[in-house]
Amino acid sequence: MEEMQQLQDMFAAAMDQAIMLTDQEGGLITRPAAACGHYREMLASLQDSFRTNEQMLQQLEGLSDPAVMEWVPGLNVVVTPLAAGCGQVYYLWSGFYMEQGTRERVLAIFDDRMREHPAYEQLRAGLGELPELGRERIAELRKSNAALGSIMCKLLCQTQLGMEGALRLKEAAAQLQHAGSLQELGTLLLDVVTGLPVLVSSVLVHFQTGEHAAHTYYARGWAPESGEDYVSDLEARYTPQAFLSSAIIREAEAKQILLECPLLSGNEFKGVLSAGFRQRGEAEQWMIQLETIAAMAGAAIRLIERDSRYSRQSEVFLTNFREFLQNNNAQLYYLSLDASELARDLSRYMGRPEAEAELLRRACLLAPFRSNLLSEYGFFHREIELIELVGRLPLQHPAKDKQVMPLTAELLLLVLRHISGQADREQLAGQPHKWIDPSRFVLEPDATDAVEDEPLSSFQQFLRSRIDSRPKKRVVNGSRLLDSAALTLSKEEWGISPREEEVLELIVHGKTNKEIASALFISEHTVKNHLSRIFNKMNVTDRSQIIALIYKRILNSERIEI
């Protein structure tokens, strides 16, 4: 149960959902997991009604697939049945999802039932902020919960899962869902499988994308020729119309036992995860774990494909809008461009995640446009929400109790206020445009009164650090090598994250994997994962090439002749 609880908590945080597991009578099996305080309060207030709401529990009898059910009219939960064998069925609950156009009705019902609750005001405010979702979006969320249900069902069915194996499954759940491309997913799968507490003789991940085989598989323990032959064999045996639907064990050449697990995204065949074992018994013992990892990889593929489509469409949208702005208001175009660079650098200076730096950058690029226009196109929901939140920040009176705002919103306000000092207000105060809103770039000095002291102080230190940007003589050595100004663009080109930069610094110092793990308080397995990603990003194959590449970039920048 502890392992299932942690797996449930990770999915709740990653999918921004409230999740719990109950038995057939509605009794809680796992502690409710929630991504935010509002969900936790809602679950704590309403969980007792699982046992008393007999009508809902009766509807679950005979349920075999995930279903969308009404908690109250307009407020839905997704229920996924988990058949654990011996006639025992559990239910995975996730939500809450408010249907489009039902907010007033849901709040009215909530007022009638919960007005006397001690946390009524807080719960009602949180409920009022839930987004309204169309039925198609709720149907997509229903499908996304099926992956977690499949994994938890396998864990329920399994009588014994070794502690080390459970740890690897949890690591896989945490890592695979963040893969940004098939290449990254393939590398992560190799790391996960080779990290299992069993001697695996080979691993191969094949994505059936229709492209050349050399670009669709990732392997360890295979000679190049053998790997290509095996991939050709997979493509001959499995097609999108006649594919592998469950794991099989087959004997290959050199007496290698191969466990082949399908990578399925919904009902679509996306490829094969293959692991080689020396004995058939080992393959049988680890079949459930490998199937579970393959199921998580299938869910990751769906996310990658969705994000790829969304990214392409949203970038076209952003490019077209920016071109329109450049042609119609050049000053606002360049102000927002300066703000985007400043926001990205500020976020990195404060050690924020790279995804947050990109969120701030895009929000600045979109800030010159009216929110109602941006909302019509269905892109950049988080950026628009952040821009609107920032618009409300200056309206708060500092003498009153301020609502706690996200740090991201405060940083965006600080950046926009700073850029406002560069604006030609008379030029921006021209004829109003139905699509363009310059007000976010003409903020008054007291606009930052709503910002907390700590981010305000950090922003001031950041600005001071940018004032003296004159090049200084630098001694090329390993102590602070990655601080070299010559590597700034290189690190951006490689896409090195702050954590990976820490690993790089220790590599320069000649530290071993064990020493790096000890210094950063992570496992050696995680260090290997970081190294693998660094190798891919820098297009190198070993540590010596990393060090040589870093010194080469610095020496070329300083124009030092060797």
Side-chain angles (χ1 to χ4, degrees), residues 143 146-147 150-151 153-154 157-158 168-169 172 176 179 181-196 198-306 308:
K143 293 180 181 179
S150 173
I151 297 169
C153 188
K154 291 179 184 294
C157 295
Q158 196 168 356
R168 297 308 180 204
L169 282 180
L176 298 182
S181 64
L182 289 181
Q183 178 180 359
E184 186 177 354
L185 178 61
T187 302
L188 285 173
L189 283 171
L190 296 182
D191 292 339
V192 168
V193 175
T194 54
L196 291 173
V198 61
L199 185 58
V200 180
S201 58
S202 66
V203 186
L204 186 140
V205 182
H206 167 54
F207 297 113
Q208 196 164 65
T209 62
E211 301 174 4
H212 189 270
H215 303 291
T216 60
Y217 81 93
Y218 306 89
R220 287 182 190 163
W222 289 85
E225 299 79 7
S226 300
E228 291 177 8
D229 290 342
Y230 179 48
V231 169
S232 298
D233 176 53
L234 290 175
E235 291 179 331
R237 286 190 284 128
Y238 306 127
T239 68
Q241 293 74 35
F243 57 81
L244 186 65
S245 58
S246 60
I248 63 169
I249 299 174
R250 58 189 299 271
E251 186 170 343
E253 297 179 1
K255 297 183 179 180
Q256 184 175 207
I257 304 299
L258 294 176
L259 172 58
E260 296 178 348
C261 302
L263 301 175
L264 302 175
S265 177
N267 293 323
E268 296 184 22
F269 178 67
K270 298 295 183 179
V272 174
L273 168 63
S274 174
F277 295 87
R278 295 183 178 181
Q279 298 179 2
R280 188 178 186 89
E282 291 179 337
E284 293 173 348
Q285 179 184 358
W286 287 91
M287 179 180 286
I288 291 179
Q289 284 88 339
L290 267 295
E291 277 191 305
T292 302
I293 292 171
M296 288 188 282
I301 292 173
R302 185 185 304 120
L303 292 174
I304 290 170
E305 292 177 341
R306 184 199 65 186
S308 177

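This chain uses plain numbering: 1 for the first residue, then up along the sequence. Treat the numbers as computed from the prediction; the structure is a model and nothing was measured. Worth knowing before you read on, the calculation uses all heavy atoms, side chains too, and leaves out hydrogens, waters and symmetry mates.
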Could you walk me through whether K270 and R302 pass the side-chain contact (heavy atoms from CB on, under 4.5 Å) check? CA-CA 10 Å; K270 298 295 183 179; R302 185 185 304 120; over 6 Å; no
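- In this structure a side-chain-to-backbone donor-acceptor pair under 3.5 Å is present from S201 to G276.
- Rounded to the nearest 0.5 Å, atoms CD1 (I304) and CG (L185) are 4.5 Å apart.
- Shortest non-hydrogen contact noted between Q279 and I257 is C-CG1, 4.1 Å.
- For the residue pair V205 and G186, the shortest heavy atom distance occurs at CG2-O, 4.1 Å.
- Formation of a donor-acceptor pair under 3.5 Å by the T194 side chain with backbone atoms of L190 is found in this model.
- Taking the six-membered ring for Trp and thresholds of 30 and 60 degrees, W222 and Y230 have nearly parallel ring planes, at less than 30 degrees apart.
- Heavy-atom minimum distance, L263 versus A297: CD2-CB, 3.8 Å.
- E305 places no side-chain N or O within donor-acceptor distance of the main-chain N or O of S265, the cut-off being under 3.5 Å.
- Taken from CG in L273 to CG in L259, the straight-line distance is 7.5 Å, to the nearest 0.5 Å.
- Other residues, nucleotides and ligands place no more than 12 heavy atoms under 6.0 Å from the CZ atom of R278.
- Across L204 and G227, no two heavy atoms sit closer than the pair CD1-O, 4.2 Å.
- Between E268 and F243 the shortest side-chain heavy-atom distance does not fall below 4.5 Å.
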